[in-house]
Amino acid sequence: MSLVNIFLTLAVTHGTEVTSTAVRVRFAKQRLGLPQKQWRFRVTLFGVNGISCKDQHKITEPFVEQFEETPLLVAVLTYVGYGILTIFGYLRDFLRNWGVENCHVARERDEQKDFVPLYQDFENFYTRNLYMRIRDNWNRPICSVPGAKMDLVERTSKDYNWTFEHTGKVVKDVINMGSYNYLGFAENTGRCADNATGSTHKYGVGVGSTRSEMGNLDIHEELEQLVARFLGVESSMAFGMGFATNSMNIPALAGKGCLILSDELNHASLALGARLSGATIRVFKHNNMVSLEKLLRDAIVHGQPRTHRPWKKMLILVEGIYSMEGSIVRLPEVIALKKHYKAYLYLDEAHSIGALGPRGGGVVDYFGLDPKDVDIMMGTFTKSFGAAGGYIGGKRELIDYLRSHSHSSIYATAMSPPVSQQIITSMKIIMGEDNTTLGAERLKQLSENTTYFRRKLREMGFIIYGNNDSPVVPMMLYMPAKIGAFGREMLKRNIGTVVVGFPATPIIESRARFCVSAAHTRDMLDTVSHRSETLYFSLETSPSSFDS
């Protein structure tokens, strides 16, 4: 073993868990005078009982992610804020029950009190008493292309956000920091729009049938062949809805007697698909390889509950980029564990395909891995490609099986032809098959914009979550009052952003989420960062105050 491998093995062995391997690699290279780029090293994973599994991968950049714990004072104040809102919520429910305050919530009729209840009042408590206060921050109607800038329909509410009325005015040129328009293909001019228009003239908008009946067009088969080539797999299959690609295909891949190992922060579509499958589900800590390996070892040692028979199948579910955290899956380590324990790997690249990697090939391309090491490659066309739908790629036997067993394939209407053409054109641009460098330029611009914007916010003192290379940038707000205030005030400053709170995030980790695009200019990103800083001071909260 070389001196570098010895150093790395010792570094990882003495760590509490495998979370900083790439940083240690960079430190080792600096100490030993090795070049900083294109250096091969051996990843060594040590589980809870000291068993290692090895695999070689080529990492070109350090794998750096930042997740700060919520400061104690901020956590206490956040809980106090939610406590006050809850108390007032119960008070308002009391007043509604006695007719003092108007009740806009759907309720059972008096003559239906003995029936099985359709509405659970307590379950809707958060919606009617907390969410409704800041409901104006979501579902804003857009009346333009959701590109780098967009136009919003102005609306107002006279009953505290229960209903909205349009004022007839339009808020123009709002900087769009909320759409997943990573490569800027959400546009109504250019080659994609022209080709989609031509496809509409040729095929029409709708197909009116499933793929297995009369809805299988030549453009669908062209799309699937292109996706397979783009991913580097044998075959692929396209679906009309990204959410259903997960929720309807996982039940076809796992069932009773199977074990699903799911990351705790996986998307709702993955969680729903796992539940619908009927398989046993066990959750491991986010991006924590020690937690995952422990579950794998326990599954092999103990087998199925009661009978202790071996599991028919073990399926690991992970995402490429986690859309609420901005983190990137530790794919090299996941693949190493998957190979060692003979499990299958399902990779959801909804946010990472097109947004990561030198070729835009997603997290597999980002780490320079072999696509064959991932058993099921899933992704969506709704983000980087400016379209709709999803795909699954893998071995030909897998795709042939899904064509006859997936509910999404058998019962769903085929993808709209202009949507298919939008995907084909944008994907060819990314691959450089349009004989231009536009795709490479957009990939480079997205990477530069991501690095620049993240660095800018950190320099201003904001707490930013996630990986340095992730275009999803969560900025922590923490307190419930800031969720509504930040979203409203940013819109007043002509910036549209997404604010997220409980239950989509932990109760003390509310945040604003920025999505960086290749279509954004430096001036736009500077405007967003400076106005965010100004807004914090206007709310009488300095960004650096969170460090206390």
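Along the sequence shown, residues carry numbers from 1. When reading the values below, keep in mind they use all heavy atoms of this one structure, side chains included, and skip hydrogens, waters and symmetry mates.
- Not a single donor-acceptor pair under 3.5 Å links the side chain of Y79 to the backbone N or O of I508.
- The shortest side-chain heavy-atom distance between C258 and W311 does not fall under the 4.5 Å cut-off.
- Residue pairs that meet the side chain to side chain donor-acceptor pair (under 3.5 Å) test with at least one member in residues 274-284, sequence neighbours left out, do not exist here.
- Shown here for T86 and F125, the closest heavy-atom pair between the two residues is O-CZ, 3.5 Å.
- Between E489 and K492 there is a salt bridge, since a side-chain N of the basic residue sits under 4.0 Å from a carboxylate O of the acidic one.
- When all heavy atoms of S323 and R513 are compared, the pair lying nearest together is O-CD, 3.1 Å.
- The main-chain N or O of A519 is never found under 3.5 Å from a side-chain atom of N181 such that the two would form a donor-acceptor pair.
- From E69, atom CD reaches atom CD1 of I463 across 11.0 Å, with rounding to the nearest 0.5 Å.
- Of the possible polar contacts, none joining the S409 side chain to the S406 backbone as a donor-acceptor pair under 3.5 Å is found.
- Among all heavy-atom pairs drawn from K312 and Q304, the shortest one is N-NE2, 4.3 Å.
- Residues S157 and D159 bring a donor and an acceptor atom of their side chains to less than 3.5 Å of each other.
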Worked check of side chain to side chain contact (heavy atoms under 4.5 Å, CB included) between L491 and L152: CA-CA 10 Å; L491 183 58; L152 299 181; 3.5 Å; yes
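- Here the side chains of T210 and T413 are not in contact, with every heavy-atom distance at 4.5 Å or above.
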Give the C-alpha distance, both sets of side-chain angles, the deciding distance and a yes or no for ring-ring contact (aromatic ring centres under 6.0 Å, His included) between F453 and F514. CA-CA 10 Å; F453 188 63; F514 300 109; 5.4 Å; yes
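- L296 contributes atom CG, which lies 10.0 Å from atom CE of M289 (distance to the nearest 0.5 angstrom).
- Taking all atoms of both residues into account, the shortest heavy-atom contact from E319 to L270 is CG-CD1, 3.7 Å.
- In the model, N246 has a side-chain atom that pairs as donor or acceptor with a side-chain atom of Y346 under 3.5 Å.
- No side-chain donor from either of E165 and T156 sits under 3.5 Å from a side-chain acceptor of the other.
- For the atom pair NZ of K456 and OG of S532, the computed distance is 12.0 Å after rounding to the nearest 0.5 Å.
- Salt bridge status for E101 with R92: present, with a side-chain N to carboxylate O gap under 4.0 Å.
- Y322 and H267 share no side-chain donor-acceptor pair at under 3.5 Å.
- Atom CG of L477 is separated from atom OG of S510 by 7.0 Å, given to the nearest 0.5 angstrom.
- With respect to E509 and R511, a salt bridge is recorded, a charged nitrogen being found less than 4.0 Å from a carboxylate O.
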Donor-acceptor pairs under 3.5 Å, side chain of residues 378-388 to any protein atom, not counting sequence neighbours: which ones?
from	atom 1	to	atom 2	distance (Å)
T380	OG1	A350	O	3.4
T380	OG1	T382	OG1	3.3
S384	OG	I353	O	2.8

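- Side-chain atoms of D298 do not come within 3.5 Å of backbone N or O of L295 as any donor-acceptor pair.
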In sequence, state the C-alpha distance, the side-chain angles, and the governing distance for R455 and T451, and then conclude on side chain to side chain contact (heavy atoms under 4.5 Å, CB included). CA-CA 6 Å; R455 185 178 70 246; T451 303; 4.0 Å; yes
Mind running side chain to side chain contact (heavy atoms under 4.5 Å, CB included) on Y180 and S517 for me, showing each step along the way? CA-CA 8 Å; Y180 306 128; S517 170; over 6 Å; no
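- At a cut-off of 3.5 Å, with distance as the only test, a side-chain donor of S179 or N176 sits close to an acceptor on the other residue.
- Separating the CG atom in L261 from the CG atom in L315 is a distance of 8.0 Å, to the nearest 0.5 Å.
- Using a cut-off of 4.0 Å between Lys/Arg side-chain N and Asp/Glu carboxylate O, D469 and R454 are scored as not salt-bridged.
- Using a distance-only test at 3.5 Å, with no hydrogens or angles considered, no donor-acceptor pair links the side chain of H351 to the main chain of I321.
- Using a 4.5 Å cut-off on side-chain heavy atoms (C-beta onward), V153 and I142 make no contact.
- A salt bridge does not link D173 to K149: none of the charged side-chain nitrogens sits closer than 4.0 Å to a carboxylate oxygen.
- In this structure, CZ in F284 is found 9.5 Å from NE2 in H286, a value given to the nearest 0.5 Å.
- Every residue was checked against the side-chain hydrogen bond (donor to acceptor under 3.5 Å, both in side chains) condition with R522, not counting sequence neighbours, and none meets it.
- Formation of a donor-acceptor pair under 3.5 Å by the R135 side chain with backbone atoms of W162 is found in this model.
- For the pair A279 and A254, the tightest heavy-atom approach, listed with the atom from each and the gap, is CB-CB, 4.3 Å.
- Panel note: side chain W138, backbone V499; a donor-acceptor pair is recorded below 3.5 Å.
- In this structure, T245 contributes its side chain and M241 its backbone to a donor-acceptor pair below 3.5 Å.
- Using modelled atom types, one finds no donor on one side chain facing an acceptor on the other under 3.5 Å when comparing N467 with S327.
- With respect to the salt-bridge test (charged N to carboxylate O, under 4.0 angstrom), the residues R297 and E293 do not qualify.
- Side-chain atoms of N266 never come within 3.5 Å of backbone atoms of S262 as a donor-acceptor pair (strictly under, hydrogens ignored).
- Residue Y452 qualifies as enclosed at atom OH: its count of foreign heavy atoms under 6.0 Å is above 12.
- Taking 4.5 Å as the limit, some side-chain heavy atom of V318 sits within range of a side-chain heavy atom of L347.
- The backbone N or O of G496 lies less than 3.5 Å from no partner atom in the side chain of R140, so there is not a single donor-acceptor pair.
- Between C515 and H520, the shortest heavy-atom distance links the atoms O-CE1, 3.5 Å.
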Where do D263 and K285 land on the salt bridge (charged side-chain N to carboxylate O under 4.0 Å, His left out) test, with the steps shown first? CA-CA 6 Å; D263 189 292; K285 295 179 181 178; over 6 Å; no
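- Side-chain atoms of R133 and L85, non-hydrogen and from C-beta on, do get closer than 4.5 Å to each other.
- You'll find the side chain of L317 reaches within 4.5 Å of the side chain of I260, heavy atoms only.
- Annotation: side chain of I134 is in contact with side chain of R488 (closest heavy-atom distance under 4.5 Å).
- Annotation: side chain of S352 is not in contact with side chain of Y366 (no heavy-atom distance under 4.5 Å).
- Counted within 6.0 Å of NE2 on H407, heavy atoms from surrounding residues, nucleotides or ligands total 12 or fewer; the atom is thus considered open.
- The environment of E459 atom CD is dense: over 12 non-hydrogen atoms of other residues, nucleotides or ligands sit within 6.0 angstrom.
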Could you walk me through whether Y391 and M237 satisfy the side chain to side chain contact (heavy atoms under 4.5 Å, CB included) test, starting with their C-alpha distance in whole Å, then the side-chain angles of each, then the deciding distance to 0.1 Å, before giving a yes or no? CA-CA 5 Å; Y391 67 82; M237 186 175 181; over 6 Å; no
